[in-house]
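Accompanying notes for the structure given below.
Throughout, protein chains are lettered first and strands after them, A, B, ... in sequence-line order, and every chain is numbered starting at 1.
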There are 4 protein chains.
Amino acid sequence: MTVQRRRLEPEARRQEILEAAERLLRAHGPGVRIDEVVREVGVARGTFYLYFPTWDDLLEAVRARLFEAFDHTYPLPSEVRRPVDWPAALDWLVEAFVDFTVGLGGLHDAIFHSDFAQRRPSGDDAVVRLTAIIRAGQEAGSFAAVDAEPTARLLFAAIHEATDAVAAGADRDRTFAALRHILRGSLCP
Amino acid sequence: MTVQRRRLEPEARRQEILEAAERLLRAHGPGVRIDEVVREVGVARGTFYLYFPTWDDLLEAVRARLFEAFDHTYPLPSEVRRPVDWPAALDWLVEAFVDFTVGLGGLHDAIFHSDFAQRRPSGDDAVVRLTAIIRAGQEAGSFAAVDAEPTARLLFAAIHEATDAVAAGADRDRTFAALRHILRGSLCP
Amino acid sequence: MTVQRRRLEPEARRQEILEAAERLLRAHGPGVRIDEVVREVGVARGTFYLYFPTWDDLLEAVRARLFEAFDHTYPLPSEVRRPVDWPAALDWLVEAFVDFTVGLGGLHDAIFHSDFAQRRPSGDDAVVRLTAIIRAGQEAGSFAAVDAEPTARLLFAAIHEATDAVAAGADRDRTFAALRHILRGSLCP
Amino acid sequence: MTVQRRRLEPEARRQEILEAAERLLRAHGPGVRIDEVVREVGVARGTFYLYFPTWDDLLEAVRARLFEAFDHTYPLPSEVRRPVDWPAALDWLVEAFVDFTVGLGGLHDAIFHSDFAQRRPSGDDAVVRLTAIIRAGQEAGSFAAVDAEPTARLLFAAIHEATDAVAAGADRDRTFAALRHILRGSLCP
DNA sequence: AATGAATGAGGTTTCATTCAT
DNA sequence: TATGAATGAAACCTCATTCAT
């Protein structure tokens with residue numbers, strides 16, 4: 001009488017869950033429950049725990065997916081082919097980041113502003129990337145000799161705040177202008 | 001078998017609860033519960049609800065107390081007596097803010113990084129203050145003609161991040177140096 | 001700084017509380033709280049307990065007042081002056097009772113249909129009265145030789161149900177017709 | 001330290017809870033709590049809520065069970081085989097009803113006289129059944145041409161009161177005699 | 001690999017009643 | 001006679017996680 005169990009390759013099932021969770025989190029933000037995810041996928045509650053030890057592990061996987069997607073779409077510029085205009089590249093990347101993040105909808109809150117973000121700090125991937133950009137720009141002579149790592153950390157907070165501001169309805173142009181000014185003022189000689 | 005009732009003026013009892021909660025939150029961070037607070041104070045659970053309709057209302061009161069304490073200890077500089085060196089004043093205030101916030105211990109997380117901060121946004125008092133400082137500095141000719149409000153918002157995020165960095169063990173001097181550099185670069189002509 | 005205490009004759013204060021409670025119960029039915037009553041009267045919570053040991057005692061007092069009011073307005077007919085048409089007198093009394101009870105509004109539920117009615121059964125005043133009427137009618141030869149006490153008890157249940165029916169929106173005329181038919185059929189030879 | 005989990009078919013577990021609740025309510029009347037029920041069954045509190053969203057939902061299910069049990073044991077008489085002696089059938093059914101209800105013990109109060117009965121009126125199943133009997137008897141020429149529906153409602157109140165009277169210790173024979181007299185007087189030509 | 005019944009700690013809130021003042 | 005702060009048991013419900021099947 002039970003519905004036919006769908007046996008799937010483990011990796012495929014894992015993806016299915018991941019995608020369903022992402023979809024629901026985008027739509028409804030934090031507050032999405034395991035029950036809703038498994039109903040969306042059409043599996044039993046226990047199945048969830050075969051793939052993710054805890055709910056936080058799922059969120060972590062979702063976060064990692066997002067970061068990978070962003071890195072893939074917007075790879076760090078490289079000077080291999082030709083010289084890079086680092087200030088312009090930074091502006092462009094930052095704008096892309098903000099738009100990407102705002103586009104996450106409720107997923108943004110779930111990943112960055114819920115208790116989850118406290119329990120599982122995000123490993124500073126973004127800060128590491130920004131540090132790399134600053135160093136590359138410094139080597140190219142485009143950026144001043146600031147202390148790259150702490151500067152990247154603080155600037156990334158400002159960038160993230162721009163995201164929240166825009167998501168909350170602040171004027172996009174004024175926010176970006178202020179952000180660009182801060183970045184230039186902090187990094188350019 | 002019941003402990004002797006201690007009858008207090010409402011305001012005194014309210015303070016008692018507030019202080020006990022603050023003490024526990026400093027020590028143990030978010031995750032402190034109503035039950036622990038009332039045990040600490042030595043009153044019944046119902047007494048808590050006499051003064052705070054919900055746990056979030058308590059946190060809000062704690063937050064307000066903190067903000068008032070900071071504002072009282074570090075009032076905004078004024079030019080009434082003599083001209084103010086705005087860049088220096090800002091550096092000094094920012095350093096005071098970071099040290100004050102780091103000194104909050106677990107209370108910092110409970111107020112700024114838990115779901116509470118999402119549910120009850122803090123009304124941007126700090127951003128308003130920073131905006132006022134920027135405008136005052138602009139009028140005095142010390143700061144460049146940046147768009148004060150969004151700039152204040154983004155810079156405050158960087159300041160707050162410095163707090164988190166120092167609290168998390170980052171090098172205090174390098175963090176402050178980077179922060180000062182960002183503030184100068186963003187605000188000074 | 002406190003509001004001037006109004007010292008009243010104990011009996012006057014008791015009446016005040018009683019009347020306030022009745023007013024609120026009429027308007028809002030069961031679910032009225034002690035707090036609301038004392039606020040309405042303008043006294044402190046503790047004052048309530050100087051006059052009524054428990055909430056149920058207040059309800060009991062309200063109930064007694066109502067019964068007295070009804071008895072006073074609709075006294076039992078007596079044959080002292082002239083012969084009584086007992087069937088007609090009963091019909092008339094019953095109709096008066098139903099209208100009186102329906103007119104109680106929310107007080108009706110609070111007195112007759114809440115847990116209070118279970119905890120403090122109403123002493124059967126109404127049944128005693130109805131028993132007396134049946135006996136008087138029997139002595140006058142108007143009513144059949146039924147077993148007065150149990151009959152009164154069961155018939156009163158039907159009368160009370162007519163009250164609930166009318167209060168709940170049942171057709172008044174059909175309800176009264178059915179009730180009269182039951183009373184006649186049960187009591188008249 | 002945890003007790004071994006007992007896994008059951010949902011319907012079986014539901015029955016288990018229902019039966020335990022009925023047992024406790026019979027023994028202790030209204031005032032039985034969810035905690036007592038789950039202790040009796042030997043399951044966790046959450047399990048209760050898996051089957052009954054609220055305590056009232058449980059009571060409703062218990063009530064429905066009782067009504068079904070009664071209907072099954074004492075089906076309405078039918079004229080399919082041979083003519084029915086409606087007055088006698090009614091007397092018999094009524095007596096069965098009263099005895100059944102008195103036999104409920106504390107469950108009777110919990111179902112019929114607690115606030116629950118106010119919050120979840122019982123849908124008048126009994127009145128509907130009595131109405132049907134009256135109409136059938138009228139068609140057979142055994143009952144007078146009374147207004148069936150309101151009459152049934154009022155008479156059922158008297159029947160129910162007989163239950164309460166007997167449960168409270170009133171003389172069974174006198175109560176039944178009075179009840180039979182009322183029914184005959186109201187319904188027979 | 002999959003199921004879904006069961007768990008139980010967690011958290012919120014209410015209000016009749018008591019009692020120190 | 002009056003106050004009103006304090007009590008604390010009771011009731012409610014949720015949901016991440018476990019585990020017998």
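Computed from coordinates, the E36(B) CD to dA9(E) C1' distance equals 13 Å when rounded to whole Å. When the C1' atom of dT17(F) is taken as reference, atom CG of L58(A) falls 14 Å away, rounded to whole Å. Distance R14(A) CZ to dA2(E) P: 14 Å, rounded to the nearest Å. Atom CZ of R39(C) and atom C1' of dA16(E) are 16 Å apart (whole Å). Regarding D35(A), its CG atom lies at a distance of 14 Å from the C1' atom of dT3(E), rounded to whole Å. Distance, L59(A) CG to dA16(F) P: 10 Å, rounded to whole Å. The interatomic distance linking E11(D) (CD) with dG4(E) (P) rounds to 17 Å, in whole Å. Rounded to a whole Å, the CD atom of E16(B) is 15 Å from the P atom of dA5(F).
Nearest-nucleotide assignment on DNA chain E puts the 5′-proximal partner with D56(B), out of D56(B) and G31(C). Place V32(D) and I34(A) on DNA chain F by their nearest nucleotides, and V32(D) ends up nearer the 5' end.
Residues H108(A) and R26(A) are not in side-chain contact: their nearest non-hydrogen atoms beyond the backbone lie 4.5 Å or more apart. The shortest distance between side-chain heavy atoms of L59(B) and L25(B) falls below 4.5 Å.
Side-chain atoms of D57(C) come within 3.5 Å of backbone atoms of T54(C) as a donor-acceptor pair (strictly under, hydrogens ignored).
Between I111(D) atom CD1 and E60(D) atom CD the span is 9.5 Å, to the nearest 0.5 Å.
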Dot-bracket notation for DNA chain F, counting Watson-Crick and G-U pairs under 3.5 Å, with | for partners on another strand: .||||||||||||||||||||

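No more than 12 heavy atoms of other residues, nucleotides or ligands lie within 6.0 Å of NE2 in H28(B), so this atom counts as exposed by the packing criterion.
Looking at residues 44-55 of chain A, you'll see R45(A), Y49(A), T54(A), W55(A) sit with a heavy atom under 4.0 Å from some atom of DNA chain F.
Salt bridge E19(A)/R23(A): absent, no basic N to carboxylate O contact under 4.0 Å. Remark: R6(D) engages E16(D) in a salt bridge, criterion side-chain N to carboxylate O under 4.0 Å.
Side-chain atoms of H113(A) and D115(B) form no donor-acceptor pair, as typed in the model, at a separation below 3.5 Å.
Residue R13(C) has a polar side-chain atom (N or O) positioned under 4.0 Å from OP1 or OP2 of dA2(F). The side chain of R7(D) places no N or O atom within less than 4.0 Å of a non-bridging phosphate oxygen (OP1 or OP2) of dA5(E).
When the side chain to side chain contact (heavy atoms under 4.5 Å, CB included) test is applied to E9(D), the partners found at least two apart in sequence or on another chain are A12(D).
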